Amino acid sequence: MPELPEVETIRQSLSPLLLSCEVKEIEMFCPEVVIQYGDAPVLNTFIFDLRRRGKYLLLDLSKDRSVSQHVSTIMVHFRMTGKLLYKDSFEEAAKHTHVRFHLSDESGEKRYLDFNDVRRFGRVWLLPPGGEKLDPGFSRLGPEPLSVEWTAANFFSQIKRRPRSTVKALLLNQEVVAGVGNIYCDEALFRAGIHPASRNESLSESDALRLQEAVREVIAEGIGHKGTSFSDYVDGLGNSGHFQLQLKVFQREGEACHVCGSEIEKIRVAGRGTHFCPVCQPLEKKD
DNA sequence: GCCAGCCTGTTG
DNA sequence: CAACAGGCTGGC
(Lines give C-alpha, C1' and ligand atoms only; values in the text may rest on other atoms or scores of the structure.)
Protein backbone atom coordinates (compact mmCIF):
# COMPACT_ATOMS: atom_id res chain seq x y z
CA MET A 1 0.00 0.00 0.00
CA PRO A 2 2.57 2.53 0.82
CA GLU A 3 2.19 5.67 -1.22
CA LEU A 4 4.69 8.52 -1.23
CA PRO A 5 4.10 9.70 2.39
CA GLU A 6 4.39 6.16 3.76
CA VAL A 7 7.58 5.39 1.82
CA GLU A 8 9.04 8.71 2.94
CA THR A 9 8.15 7.87 6.55
CA ILE A 10 9.80 4.47 6.20
CA ARG A 11 12.89 6.21 4.81
CA GLN A 12 13.00 8.68 7.70
CA SER A 13 12.47 5.97 10.31
CA LEU A 14 15.18 3.69 8.92
CA SER A 15 17.82 6.28 8.02
CA PRO A 16 19.37 6.81 11.48
CA LEU A 17 19.46 3.07 12.11
CA LEU A 18 20.81 1.87 8.78
CA LEU A 19 23.34 4.53 7.86
CA SER A 20 26.86 3.11 8.03
CA CYS A 21 25.64 -0.44 8.70
CA GLU A 22 27.53 -3.14 6.81
CA VAL A 23 25.61 -5.74 4.78
CA LYS A 24 27.01 -9.10 5.87
CA GLU A 25 24.61 -11.63 4.38
CA ILE A 26 21.38 -11.87 2.36
CA GLU A 27 18.90 -14.63 3.05
CA MET A 28 16.34 -15.12 0.30
CA PHE A 29 13.39 -17.14 1.50
CA CYS A 30 11.44 -16.25 -1.65
CA PRO A 31 13.90 -15.47 -4.47
CA GLU A 32 10.99 -14.68 -6.83
CA VAL A 33 10.62 -11.23 -5.27
CA VAL A 34 14.28 -10.35 -5.93
CA ILE A 35 15.41 -8.90 -9.24
CA GLN A 36 19.11 -8.61 -9.92
CA TYR A 37 20.66 -6.53 -12.71
CA GLY A 38 24.34 -7.14 -13.29
CA ASP A 39 26.58 -8.44 -10.55
CA ALA A 40 27.03 -5.38 -8.37
CA PRO A 41 28.46 -6.24 -4.95
CA VAL A 42 26.09 -6.08 -2.00
CA LEU A 43 27.88 -8.23 0.59
CA ASN A 44 30.53 -6.45 2.66
CA THR A 45 29.31 -3.02 1.57
CA PHE A 46 28.11 -0.11 3.73
CA ILE A 47 24.78 1.73 3.57
CA PHE A 48 25.61 5.40 3.03
CA ASP A 49 22.31 6.88 1.81
CA LEU A 50 18.57 6.20 1.84
CA ARG A 51 16.68 7.85 -1.01
CA ARG A 52 13.06 7.91 -2.09
CA ARG A 53 11.64 8.47 -5.57
CA GLY A 54 7.87 8.17 -5.99
CA LYS A 55 6.95 5.00 -4.10
CA TYR A 56 10.43 3.47 -4.46
CA LEU A 57 12.96 3.34 -1.62
CA LEU A 58 16.66 3.05 -2.47
CA LEU A 59 19.58 2.15 -0.21
CA ASP A 60 22.92 3.19 -1.68
CA LEU A 61 25.91 1.03 -0.81
CA SER A 62 29.57 1.99 -0.57
CA LYS A 63 32.72 -0.08 -0.58
CA ASP A 64 33.96 1.74 2.54
CA ARG A 65 32.32 2.88 5.73
CA SER A 66 34.23 6.17 5.79
CA VAL A 67 34.33 7.11 2.11
CA SER A 68 31.09 7.17 0.13
CA GLN A 69 32.07 5.23 -2.96
CA HIS A 70 28.81 4.12 -4.56
CA VAL A 71 29.14 0.51 -5.74
CA SER A 72 25.55 -0.76 -5.68
CA THR A 73 21.95 -0.08 -4.66
CA ILE A 74 19.18 -2.03 -2.97
CA MET A 75 15.81 -0.81 -4.29
CA VAL A 76 12.40 -1.69 -2.84
CA HIS A 77 8.82 -1.24 -4.08
CA PHE A 78 6.17 -2.12 -1.49
CA ARG A 79 3.15 -2.35 -3.81
CA MET A 80 0.14 -3.20 -1.61
CA THR A 81 1.36 -4.97 1.52
CA GLY A 82 5.16 -4.81 1.50
CA LYS A 83 7.06 -3.85 4.66
CA LEU A 84 10.68 -3.24 5.51
CA LEU A 85 11.29 -3.98 9.18
CA TYR A 86 14.40 -3.32 11.21
CA LYS A 87 15.26 -5.70 14.08
CA ASP A 88 17.93 -4.81 16.62
CA SER A 89 18.22 -8.41 17.77
CA PHE A 90 17.67 -11.82 16.23
CA GLU A 91 14.20 -13.23 15.84
CA GLU A 92 12.88 -15.98 13.62
CA ALA A 93 11.82 -14.72 10.20
CA ALA A 94 8.06 -14.10 10.06
CA LYS A 95 5.79 -16.16 7.81
CA HIS A 96 5.86 -13.71 4.91
CA THR A 97 9.43 -12.47 5.25
CA HIS A 98 10.92 -13.08 1.81
CA VAL A 99 14.33 -11.46 2.17
CA ARG A 100 16.49 -10.81 5.23
CA PHE A 101 19.55 -8.56 5.16
CA HIS A 102 22.01 -9.37 7.95
CA LEU A 103 23.72 -6.17 9.06
CA SER A 104 26.53 -5.17 11.34
CA ASP A 105 26.38 -1.68 12.84
CA GLU A 106 29.29 0.62 13.65
CA SER A 107 29.99 -1.09 16.96
CA GLY A 108 29.79 -4.53 15.36
CA GLU A 109 26.32 -5.40 16.74
CA LYS A 110 24.21 -7.71 14.61
CA ARG A 111 21.06 -6.10 13.15
CA TYR A 112 18.49 -7.34 10.66
CA LEU A 113 16.38 -5.79 7.92
CA ASP A 114 13.43 -7.91 6.74
CA PHE A 115 11.43 -7.44 3.56
CA ASN A 116 8.00 -8.85 4.34
CA ASP A 117 5.03 -8.99 1.96
CA VAL A 118 1.88 -11.05 2.45
CA ARG A 119 0.74 -10.76 -1.17
CA ARG A 120 4.18 -11.02 -2.73
CA PHE A 121 3.48 -8.12 -5.12
CA GLY A 122 6.41 -6.09 -3.82
CA ARG A 123 9.92 -6.35 -5.23
CA VAL A 124 13.52 -5.97 -4.09
CA TRP A 125 16.16 -5.08 -6.67
CA LEU A 126 19.93 -5.49 -6.37
CA LEU A 127 21.43 -2.95 -8.76
CA PRO A 128 24.66 -1.39 -9.97
CA PRO A 129 24.93 2.41 -9.47
CA GLY A 130 22.25 4.09 -11.58
CA GLY A 131 20.66 0.68 -12.22
CA GLU A 132 17.26 1.91 -11.04
CA LYS A 133 16.84 3.43 -14.49
CA LEU A 134 16.84 -0.10 -15.94
CA ASP A 135 13.46 -0.63 -14.28
CA PRO A 136 10.77 0.58 -16.70
CA GLY A 137 8.46 1.73 -13.91
CA PHE A 138 11.19 3.76 -12.27
CA SER A 139 12.48 5.29 -15.47
CA ARG A 140 9.02 6.50 -16.49
CA LEU A 141 8.28 8.28 -13.19
CA GLY A 142 6.98 11.83 -13.50
CA PRO A 143 8.01 14.73 -11.27
CA GLU A 144 7.98 14.58 -7.49
CA PRO A 145 4.82 16.35 -6.31
CA LEU A 146 6.67 18.48 -3.73
CA SER A 147 9.46 19.50 -6.10
CA VAL A 148 9.72 22.67 -8.16
CA GLU A 149 9.86 20.47 -11.25
CA TRP A 150 6.14 19.80 -10.97
CA THR A 151 5.08 23.06 -12.56
CA ALA A 152 1.62 24.19 -13.57
CA ALA A 153 2.71 24.13 -17.21
CA ASN A 154 3.88 20.54 -16.83
CA PHE A 155 0.59 19.47 -15.22
CA PHE A 156 -1.49 21.30 -17.86
CA SER A 157 0.35 19.54 -20.67
CA GLN A 158 -0.26 16.13 -19.07
CA ILE A 159 -3.95 16.98 -18.72
CA LYS A 160 -4.18 18.00 -22.39
CA ARG A 161 -2.47 14.79 -23.44
CA ARG A 162 -5.29 12.69 -21.89
CA PRO A 163 -8.51 14.61 -22.60
CA ARG A 164 -10.97 11.69 -22.45
CA SER A 165 -9.48 9.95 -19.43
CA THR A 166 -10.77 10.59 -15.92
CA VAL A 167 -9.02 12.83 -13.43
CA LYS A 168 -8.77 9.84 -11.08
CA ALA A 169 -6.73 7.90 -13.66
CA LEU A 170 -4.65 11.04 -14.28
CA LEU A 171 -3.50 11.34 -10.66
CA LEU A 172 -2.90 7.59 -10.29
CA ASN A 173 -0.66 7.60 -13.36
CA GLN A 174 2.91 7.62 -12.05
CA GLU A 175 4.13 9.26 -15.26
CA VAL A 176 2.00 12.34 -14.53
CA VAL A 177 3.17 12.81 -10.95
CA ALA A 178 5.15 10.29 -8.88
CA GLY A 179 3.88 8.73 -5.68
CA VAL A 180 0.13 9.41 -5.56
CA GLY A 181 -1.98 6.31 -4.81
CA ASN A 182 -5.65 5.67 -4.13
CA ILE A 183 -5.87 7.28 -0.68
CA TYR A 184 -4.15 10.58 -1.44
CA CYS A 185 -5.82 10.75 -4.84
CA ASP A 186 -9.33 10.65 -3.33
CA GLU A 187 -8.33 13.11 -0.62
CA ALA A 188 -6.81 15.58 -3.09
CA LEU A 189 -9.90 15.46 -5.33
CA PHE A 190 -12.12 16.17 -2.32
CA ARG A 191 -10.04 19.18 -1.31
CA ALA A 192 -10.11 20.51 -4.83
CA GLY A 193 -13.88 19.95 -5.09
CA ILE A 194 -13.51 17.85 -8.23
CA HIS A 195 -15.54 14.72 -8.99
CA PRO A 196 -13.18 11.75 -9.52
CA ALA A 197 -14.95 10.67 -12.72
CA SER A 198 -14.55 14.09 -14.37
CA ARG A 199 -12.98 13.96 -17.82
CA ASN A 200 -9.66 15.78 -17.91
CA GLU A 201 -10.88 17.96 -20.78
CA SER A 202 -13.59 19.34 -18.51
CA LEU A 203 -11.04 20.80 -16.07
CA SER A 204 -10.60 24.55 -16.22
CA GLU A 205 -7.20 26.09 -15.66
CA SER A 206 -8.22 27.09 -12.14
CA ASP A 207 -9.50 23.53 -11.46
CA ALA A 208 -6.09 22.20 -12.46
CA LEU A 209 -4.22 24.69 -10.29
CA ARG A 210 -6.45 23.92 -7.31
CA LEU A 211 -5.98 20.21 -7.84
CA GLN A 212 -2.22 20.51 -8.08
CA GLU A 213 -2.15 22.51 -4.84
CA ALA A 214 -4.45 19.95 -3.16
CA VAL A 215 -2.12 17.11 -4.15
CA ARG A 216 0.83 18.99 -2.65
CA GLU A 217 -1.13 19.62 0.55
CA VAL A 218 -2.32 16.07 1.16
CA ILE A 219 1.09 14.61 0.37
CA ALA A 220 2.85 17.07 2.69
CA GLU A 221 0.29 16.52 5.46
CA GLY A 222 0.51 12.76 5.00
CA ILE A 223 4.26 12.95 5.58
CA GLY A 224 3.69 15.26 8.56
CA HIS A 225 1.38 12.67 10.11
CA LYS A 226 3.82 9.86 9.33
CA GLY A 227 1.54 8.15 6.83
CA THR A 228 -1.88 6.51 6.82
CA SER A 229 -2.35 3.25 8.75
CA PHE A 230 -5.70 1.56 8.55
CA SER A 231 -4.73 -2.06 7.97
CA ASP A 232 -1.21 -3.00 6.93
CA TYR A 233 1.07 -0.01 6.88
CA VAL A 234 3.75 0.49 9.54
CA ASP A 235 7.11 2.25 9.29
CA GLY A 236 10.55 0.64 9.54
CA LEU A 237 10.16 0.19 13.29
CA GLY A 238 6.63 -1.19 13.18
CA ASN A 239 5.02 2.13 14.20
CA SER A 240 1.68 3.23 12.76
CA GLY A 241 1.02 6.57 11.12
CA HIS A 242 -1.78 8.99 12.00
CA PHE A 243 -3.13 10.44 8.75
CA GLN A 244 -6.10 8.01 8.85
CA LEU A 245 -7.54 10.40 11.47
CA GLN A 246 -7.42 13.27 8.96
CA LEU A 247 -9.09 11.52 6.04
CA LYS A 248 -12.11 13.38 4.66
CA VAL A 249 -13.47 10.78 2.20
CA PHE A 250 -11.28 7.69 1.97
CA GLN A 251 -12.86 4.73 3.81
CA ARG A 252 -15.72 6.99 4.95
CA GLU A 253 -18.53 5.58 2.78
CA GLY A 254 -21.94 6.37 4.32
CA GLU A 255 -20.48 8.79 6.87
CA ALA A 256 -21.22 12.51 6.92
CA CYS A 257 -19.07 14.92 4.92
CA HIS A 258 -17.20 17.15 7.34
CA VAL A 259 -17.98 20.16 5.16
CA CYS A 260 -21.63 19.77 4.08
CA GLY A 261 -22.98 16.78 6.03
CA SER A 262 -23.94 14.74 2.95
CA GLU A 263 -23.20 11.01 2.91
CA ILE A 264 -19.83 10.13 1.41
CA GLU A 265 -20.28 7.77 -1.55
CA LYS A 266 -18.11 4.99 -2.89
CA ILE A 267 -18.02 4.19 -6.59
CA ARG A 268 -15.60 2.52 -9.00
CA VAL A 269 -13.47 4.78 -11.20
CA ALA A 270 -10.43 3.69 -13.22
CA GLY A 271 -10.95 0.23 -11.73
CA ARG A 272 -10.43 1.46 -8.18
CA GLY A 273 -12.64 1.95 -5.15
CA THR A 274 -13.27 5.73 -5.15
CA HIS A 275 -14.67 7.84 -2.32
CA PHE A 276 -16.16 11.30 -2.74
CA CYS A 277 -18.78 13.77 -1.52
CA PRO A 278 -21.55 14.10 -4.14
CA VAL A 279 -22.30 17.67 -3.05
CA CYS A 280 -18.79 19.08 -2.58
CA GLN A 281 -17.55 17.32 -5.72
CA PRO A 282 -20.21 17.76 -8.42
CA LEU A 283 -19.67 16.12 -11.79
CA GLU A 284 -19.39 18.87 -14.39
CA LYS A 285 -20.01 17.82 -17.92
CA LYS A 286 -18.46 19.94 -20.61
CA ASP A 287 -17.74 18.81 -24.15
C1' DG B 1 -7.74 3.32 -22.06
C1' DC B 2 -9.59 -0.72 -19.49
C1' DC B 3 -9.18 -4.80 -16.88
C1' DA B 4 -7.54 -9.34 -15.68
C1' DG B 5 -3.96 -11.15 -13.20
C1' DC B 6 -0.52 -11.39 -9.74
C1' DC B 7 -1.18 -13.27 -4.21
C1' DT B 8 -3.05 -13.89 0.55
C1' DG B 9 -5.98 -12.38 4.10
C1' DT B 10 -10.19 -10.36 5.65
C1' DT B 11 -14.98 -9.25 5.38
C1' DG B 12 -19.84 -9.72 4.28
C1' DC C 1 -18.32 -18.89 -0.07
C1' DA C 2 -17.50 -14.89 -3.11
C1' DA C 3 -15.97 -10.32 -3.18
C1' DC C 4 -12.70 -7.23 -2.14
C1' DA C 5 -8.15 -4.82 -0.78
C1' DG C 6 -4.08 0.90 -0.73
C1' DG C 7 -0.25 -1.10 -7.16
C1' DC C 8 1.37 -2.06 -11.38
C1' DT C 9 2.08 -4.80 -15.78
C1' DG C 10 0.77 -6.51 -20.00
C1' DG C 11 -2.61 -7.99 -23.29
C1' DC C 12 -6.34 -6.43 -25.76
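Here the structure is a predicted model, which is why all the values come from computation and not from measurement. Here is the naming used below: chain letters follow the sequence lines, and residue numbers restart at 1 for every chain.
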message: With side-chain hydrogen bond (donor to acceptor under 3.5 Å, both in side chains) as the rule and sequence neighbours excluded, what pairs involving residues 149-160 of chain A come up?
response: A:Gln158-A:Arg162
Pair up each side-chain donor or acceptor in residues 40-49 of chain A with any protein partner under 3.5 Å, not counting sequence neighbours, and list the distances.
from    : atom 1 : to      : atom 2 : distance (Å)
A:Thr45 : OG1    : A:Val42 : O      : 2.5

message: If the cut-off is 4.0 Å, is A:His77 near the phosphate of C:dC8, judged by side-chain N/O to OP1 or OP2?
response: yes
- request: With the side chain of A:Arg162 defined as its heavy atoms from C-beta on, choose the nearest nucleotide among B:dG9, C:dC8, B:dG1.
  value: B:dG1
- prompt: Looking across every strand, which nucleic acid part, if any, lies under 4.0 Å from A:Arg123 by heavy atom: base, sugar-phosphate, or nothing?
  reply: nothing
- request: Scan residues 178-189 of chain A for pairs that pass salt bridge (charged side-chain N to carboxylate O under 4.0 Å, His left out), counting only residues two or more places apart or in two chains.
  value: A:Lys168-A:Asp186
message: So, using side-chain hydrogen bond (donor to acceptor under 3.5 Å, both in side chains) as the criterion, who are the partners of A:Gln69 when residues are at least two apart?
response: none
query: Within the structure shown, what part of the strands sits under 4.0 Å from A:Phe78 by heavy-atom distance: base, sugar-phosphate, or nothing?
result: nothing
- prompt: Got a sec, which residues hit side-chain hydrogen bond (donor to acceptor under 3.5 Å, both in side chains) with A:His225, two or more places apart in sequence or on another chain?
  reply: none
task: Using Watson-Crick or G-U wobble pairs with both distances under 3.5 Å, give me DNA chain C in dot-bracket, 5' to 3', with [ ] for crossers and | for pairs to another strand.
output: |||||.||||||
message: I want to confirm an ordering. Mapping A:Pro136 and A:Phe250 to their closest nucleotides on DNA chain C, which one lands closer to the 5' end?
response: A:Phe250
List every contact pair, protein side and nucleotides 10-12 of chain B side both N or O, where the distance is under 3.5 Å.
none

- line: Sorted by chain and number, sequence neighbours left out, ring-ring contact (aromatic ring centres under 6.0 Å, His included) with A:Tyr184 holds for A:Phe243
task: With sequence neighbours left out, write down each residue that passes ring-ring contact (aromatic ring centres under 6.0 Å, His included) with A:His98, or none if nothing qualifies.
output: none
- prompt: Given C:dC8, C:dT9, C:dA5, which nucleotide is nearest the side-chain atoms of A:Gln174?
  reply: C:dC8
message: Ignoring hydrogens and geometry beyond distance, is a side-chain donor-acceptor pair present between A:Asp232 and A:Thr81 at under 3.5 Å?
response: no
Sequence neighbours excluded, every pair satisfying side-chain hydrogen bond (donor to acceptor under 3.5 Å, both in side chains) that has a member inside residues 253-270 of chain A: A:Arg252-A:Glu255
field: Heavy-atom protein contacts under 4.0 Å, nucleotides 2-7 of chain B, coded B base, S sugar-phosphate only, - none
entry: ----BB
statement: Contacts satisfying side-chain hydrogen bond (donor to acceptor under 3.5 Å, both in side chains) that involve residues 118-129 of chain A (not counting sequence neighbours) are none
A:Asp60 side chain to A:His70 side chain, donor-acceptor N/O pair below 3.5 angstrom: yes
- request: Grab the NZ-P distance between A:Lys168 and C:dC8 for me, whole Å please.
  value: 13 Å
message: Using the P atom as the point on both nucleotides, what is the distance between C:dG11 and B:dC7, in whole Å?
response: 15 Å
message: When you compare the side chains of A:Asp105 and A:Ser107, does any donor N or O come within less than 3.5 Å of an acceptor on the partner?
response: yes
Length of the CG-C1' vector between A:Asp117 and B:dT8, whole Å: 10 Å
statement: note: A:Leu4, atom CG; C:dC8, atom P; distance rounded to Å ~ 11 Å
- request: May I have the distance from A:Lys95 (atom NZ) to B:dT8 (atom P), rounded to whole angstrom?
  value: 9 Å
- request: Figure out the CD/P separation between A:Glu6 and C:dA5, and round it to whole Å.
  value: 18 Å
